[in-house]
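Notes follow the structure.
Chain A is the first sequence line, chain B the second, and so forth, proteins listed ahead of strands; every chain is numbered from 1.
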Amino acid sequence: MASSTLTMGRSGAPADRELILRGLKRCSLSQFSLWVAPWAVLLVFGLYAAFLCLARGLNQTNMDNRFAFGLWIFLDLTVIALGAGAFFTGFLLYILRITQLRAVIQSAVVIGLVCYSGAMCALAVDVGQPLRFWYTFWYPNVHSMLTEVTFCITCYLCVLMIEYIPQLLKNRKLRQSSGAMVFEFELHKVMVVFAGVGTFLSFFHQGSLGGLFGVLRGRPFAFRDGFAIWPSTFFLFVLSAAAVGPSFIALTTGLVEKIARKRLVTANVYDKLGAISGRLLVFYILLKSIDTLVWVNQTSPSHGFPAHRFYQWSPFGTWMLLAEIVPFGLVPALILLRPDLRAKRAWLMSAAALACLGVALNRFVLTIQTLAVPTLAFDRFLSYWPSWQEFATFGAVIAFGVLVYSFSFRYLSLFPQEREIESLEQDRQIESLESARGLRSPRSY
Amino acid sequence: MFPWNYGFAWDKGHIIFLGVFYTIVLVVLATLLVAAWRTLRDFRRNRAASIVWHENFEDLPRVERACRHACTGELPGRVCELGFNCGQCETHKALVSMLASHSAAPALMKDVIDDSLGVELPLDRYYHRGHTWLKPESGGTFVVGLDELARRVAANPESIELPVTGTQLTAQSPAWTMHVHGAEVHVMSPIDGEVVETAHGEKGWFLRIKPAQNASFCHLLRGFEVVRWMTREMERVQLMVSESAAIPALADGGAPVDDFAAACPQADWRNISGALFLEN
């Protein structure tokens with residue numbers, strides 16, 4: 001009783017209601033605190049681990065000169081691929097004018113923001129040398145794909161922050177300032193420019209992340225032929241990120257609906273996200289399969305490595321390749337392509353989850369398997385298990401994302417349809433009362 | 001990054017890479033500056049109040065954006081997309097001219113007071129959907145007050161902050177502020193005009209306004225529309241009370257009490273007053 005007195009206002013409204021937009025139903029402050037507390041603890045623990053890594057160096061990790069990419073790079077590649085929903089939804093809404101996606105664009109921006117800022121933080125810890133972080137910008141190696149990735153991600157993170165500003169300005173407190181509202185209005189009018197810049201930047205950094213594996217001539221497991229200066233992995237990364245982006249938006253929206261126990265968007269929004277994701281996923285799987293066949297039959301043998309050799313090291317067997325293409329690629333794609341299946345929430349969510357796991361597996365293979373399999377005669381199969389500091393930093397990135405999203409969901413209107421859906425019942429009741437009263441002809445005096 | 005930095009060379013790689021980078025930075029900064037400059041321009045051209053209203057209006061729930069003709073039952077379910085700016089609405093113009101041809105267009109009705117809802121609803125004045133009324137006076141001024149429903153929801157405001165005499169008001173932007181049920185509520189001005197006198201409601205009104213020369217009355221409700229709209233609003237309040245207090249609160253045929261909040265303290269009156277005064 002004591003806690004409810006502390007946190008609940010009259011009629012069960014949260015104590016922080018002055019910050020919550022009218023009509024948005026949110027749980028009490030104590031319930032919200034219970035939700036964020038474990039994530040906050042995880043974040044603090046992870047920050048401590050990150051501090052150890054930055055202060056004492058990479059000896060805090062289980063990576064070394066030979067196994068230089070580990071859990072963090074896998075995390076970076078995965079969250080950046082999943083965060084692609086932000087740029088791709090912006091592209092579909094502002095440039096292709098698919099207006100149904102207005103219902104999720106704000107959520108997509110927050111997801112993009114947490115994914116990219118989380119990735120940047122993890123990269124900063126991974127690169128180390130915090131006092132020299134600016135060297136990568138000041139002395140760029142313009143021939144390196146990693147430099148392109150660094151510049152593009154930094155610029156895109158700035159764009160995402162700008163895209164987040166209008167949402168902040170529409171908070172219940174800030175919107176009382178007319179200056180904030182007019183700036184929000186004007187910012188919204190030029191949002192198409194930011195969507196265009198975001199698409200351009202995302203295209204290149206998603207591609208370059210894939211490209212940096214594809215150009216590794218010393219790693220024939222990852223090396224690919226391609227077009228002009230770009231290996232095929234450049235295009236596959238762009239396409240896979242665009243394909244799973246909408247799936248991840250659908251998945252997170254569904255999760256938030258489950259946790260908040262309320263509807264946030266209408267069914268047609270899920271349908272649109274599923275349909276877009278399904279079509280792109282089929283295209284991606286087709287290209288991925290062709291790329292794999294070319295690599296197995298041409299690229300790898302021409303470098304003196306029959307492809308089957310790469311799969312003789314347990315646990316990285318051919319099952320991983322098949323899993324990536326069939327259950328985590330083709331199956332969700334086919335489910336998402338069928339309107340009757342994607343109309344069922346369980347099917348849609350399962351397919352979206354499979355698609356997201358598929359892209360995570362793809363990034364895992366390129367990061368970990370590439371480094372693990374031996375390529376030289378005197379080489380041996382390497383195994384790597386992250387240290388607790390690596391796990392804790394990984395956890396901190398996840399916790400940071402959950403916290404930013406949770407606070408944004410509570411205090412901002414991430415789903416414009418939420419209030420519409422809330423008021424629909426009231427609308428229906430009023431209409432039924434009016435029709436019961438026979439309110440159809442003007443009364444005369 | 002710059003020509004004077006170690007490692008920089010005027011080669012193709014540097015020119016293309018850094019050229020693209022600086023172009024993107026310039027585009028982003030220029031776009032931000034354009035948005036900031038336009039914001040200042042909006043304030044200089046006195047468009048800020050209108051923009052704020054439209055921004056707020058778009059965020060209101062559907063039920064609060066109901067078209068006046070949906071309230072009367074002429075166009076059931078219709079939602080306004082123009083921020084209650086009926087002067088720009090072709091449908092409204094067509095309906096009004098059609099009703100006028102049958103001498104049935106809504107108009108002010110001197111000395112008519114509707115009491116079918118259990119409250120006195122004088123039809124000699126205009127009503128704004130933010131629950132203020134605007135009564136014409138001799139001499140070209142108007143007085144602004146709260147309608148009966150708003151008066152009963154905000155029966156005992158903790159404080160009232162009125163504008164000073166001479167303040168220029170803009171239609172649909174805040175005219176005065178009240179603290180009701182622990183929350184700040186902005187009451188909207190029904191028209192453009194200048195405040196010539198203020199009162200704290202003791203005279204039955206809050207502001208005396210001299211309308212601006214081009215002040216529009218088109219968006220204000222009048223005549224039979226007022227009764228229909230008020231019926232809908234009372235039902236909405238009853239539904240919100242029922243929902244937030246978890247008790248049935250439908251009218252039983254008696255007259256509404258003077259202070260709704262005192263009669264049903266468990267309801268979420270902050271939310272209800274926000275809904276009546278079109279706050280987000």
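At a 4.5 Å heavy-atom cutoff, the contact between B:L32 and chain A is made by backbone and side-chain atoms alike. Residue B:A49: no heavy atom, backbone or side chain, is found under 4.5 Å from chain A. Looking at A:F183, both its backbone and its side chain come within 4.5 Å of chain B, counting heavy atoms on both sides. With a threshold of 4.5 angstrom between heavy atoms, A:P416 does not approach chain B through any atom at all. B:A66 does not touch chain A: none of its heavy atoms, backbone or side chain, sits under 4.5 Å away. The parts of B:Y6 that come within reach of chain A are both its backbone and its side chain, each placing non-hydrogen atoms under 4.5 angstrom from that chain. Neither the backbone nor the side chain of B:L40 comes within less than 4.5 Å of any heavy atom of chain A. For B:D42, the part lying near chain A is the side chain, with the backbone staying farther off; criterion is any non-hydrogen pair under 4.5 Å. Contacts of A:V182 with chain B are made by both backbone and side-chain atoms, with heavy-atom separations under 4.5 Å. Looking at A:L187, the atoms closer than 4.5 Å to chain B (heavy atoms on both sides) sit in the backbone and in the side chain alike. For chain B, the nearby parts of A:V190 are the backbone and the side chain; heavy atoms of each come within less than 4.5 Å. The contact between A:F185 and chain B is made by backbone and side chain atoms together, counting heavy-atom distances below 4.5 Å. Both the backbone and the side chain of A:E148 come within less than 4.5 Å of a heavy atom of chain B. If you measure heavy-atom distances from A:L24 to chain B, you find no contacts under 4.5 Å at all.
Note on A:H143, A:E18, A:K189: by heavy-atom pairs under 4.5 Å with chain B, the leading option is A:E18. Heavy-atom pairs under 4.5 Å with chain B peak, among A:V142, A:I162, A:I421, at A:V142. Interface check for chain B: of the options A:S178, A:C152, A:S413, A:A180, the most heavy-atom pairs under 4.5 Å are formed by A:S178. Ranked by non-hydrogen atom pairs under 4.5 Å with chain A, the options B:G274, B:G7, B:P174 are led by B:G274.
Rounding to the nearest 0.5 Å gives a distance of 5.0 Å between OG1 of B:T31 and CZ of A:F194. For the atom pair A:Q417 CD and B:R62 CZ, the distance stands at 11.5 Å (nearest 0.5 Å). Note that SG of A:C158 and CD1 of B:I24 are 11.5 Å apart. Values are rounded to the nearest 0.5 Å. Rounded to the nearest 0.5 Å, atoms CD (B:E279) and CG (A:L21) are 11.5 Å apart. Note that CD of A:Q176 and CG of B:N56 are 9.5 Å apart. Values are rounded to the nearest 0.5 Å.
Within 6.0 Å of CZ on A:F133 lie no more than 12 heavy atoms contributed by other residues, nucleotides or ligands. Counting non-hydrogen atoms of other residues, nucleotides and ligands closer than 6.0 Å to CZ of B:R41 gives a total above 12. The number of heavy atoms from other shown groups lying within 6.0 Å of CZ (A:F227) does not exceed 12.
Evaluated for a salt bridge (charged side-chain N to carboxylate O under 4.0 Å, His left out) with B:D59, the options A:R175, A:R172, A:R419, A:R22 yield exactly one hit, A:R175.
Considering all non-hydrogen atoms of both residues, B:F21 and A:C155 come closest at CE1-SG, 3.6 Å. A:P140 approaches B:L18 most closely through the heavy-atom pair CG-CD2, 4.4 Å.
Put simply, the side chain of B:E55 does not reach to within 4.5 Å of the side chain of A:H188, judged on heavy atoms. At a threshold of 4.5 Å between non-hydrogen side-chain atoms, the residues A:F151 and B:V20 do not count as touching. In this structure, the side chains of A:T147 and B:F17 come closer than 4.5 Å at one or more pairs of heavy atoms.
A salt bridge does not link B:E58 to A:K170: none of the charged side-chain nitrogens sits closer than 4.0 Å to a carboxylate oxygen. Electrostatic pairing of B:D268 and A:K25 does not count as a salt bridge here, judged by no charged N lying under 4.0 Å from a carboxylate O.
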